[in-house]
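In what follows, a structure is listed as structure tokens, so that the remarks can point back to it.
Count residues from 1 along the sequence.
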Amino acid sequence: MDLQITNYNNRFQIKGTLNKLNLKTFHAHFSNIFDRLDDVLLDIESVESIDRAGVMALARLHNESITRSKRLSIIGLGCKDLYDHFKSQEQTTVAA
């Protein structure tokens with residue numbers, strides 16, 4: 001399934017596959033998002049699969065929210081690949 005992004009108020013629902021091939025769509029929706037909004041909610045419950053480039057795109061968005069002192073919330077379990085990535089990052093941070 002291709003990437004679909006819908007929004008209502010400041011809630012963005014991401015459906016389908018987030019990978020290197022469709023990052024243009026993701027970046028088109030979220031480039032300069034923090035210029036317009038102070039609070040952004042990403043619902044990733046319907047993400048079926050994600051590759052490394054997709055994870056990095058979410059991480060960049062997260063870093064931008066921190067840099068600009070904006071709020072970014074990511075809800076939903078999404079796909080197991082994303083959960084495993086952030087879980088492994090958490091474990092390496094705790095170990096360090």
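Annotation: side chain of Leu61 is not in contact with side chain of Ile74 (no heavy-atom distance under 4.5 Å). Ser46 has its side chain within reach of Gln13: a pair of non-hydrogen atoms, C-beta onward, lies under 4.5 Å apart. When side chains are defined from C-beta on, Ile44 does not count as touching Ile75, because their heavy atoms never get closer than 4.5 Å.
Residues Thr17 and Asn22 come closest through the heavy atom pair O-ND2, 2.6 Å. Nearest heavy-atom pair, Leu18 versus Leu23, reported as atom, atom and distance to 0.1 Å: CD1-CD2, 4.0 Å.
With sequence neighbours left out, Arg52 forms a salt bridge (charged side-chain N to carboxylate O under 4.0 Å, His left out) with no residue at all. Applying the salt bridge (charged side-chain N to carboxylate O under 4.0 Å, His left out) test to Arg60 and every residue at least two apart in sequence or in another chain returns nothing. For Lys20, there are no salt bridge (charged side-chain N to carboxylate O under 4.0 Å, His left out) partners, not counting sequence neighbours. The side chain to side chain donor-acceptor pair (under 3.5 Å) test applied to Asp43 returns Arg11, not counting sequence neighbours. Evaluation of the side chain to side chain donor-acceptor pair (under 3.5 Å) rule for Asn10 yields no partner, not counting sequence neighbours.
Between the CG atom of Leu41 and the CG atom of Leu72 there is a distance of 8.5 Å, given to the nearest 0.5 Å.
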Name every donor-acceptor pair, under 3.5 Å, that has one atom in a side chain of residues 26-34 and the other anywhere in the protein, sequence neighbours excluded.
{"unit_1": "His29", "atom_1": "NE2", "unit_2": "Ile5", "atom_2": "O", "d": "3.4"}
{"unit_1": "Ser31", "atom_1": "OG", "unit_2": "His27", "atom_2": "O", "d": "3.3"}

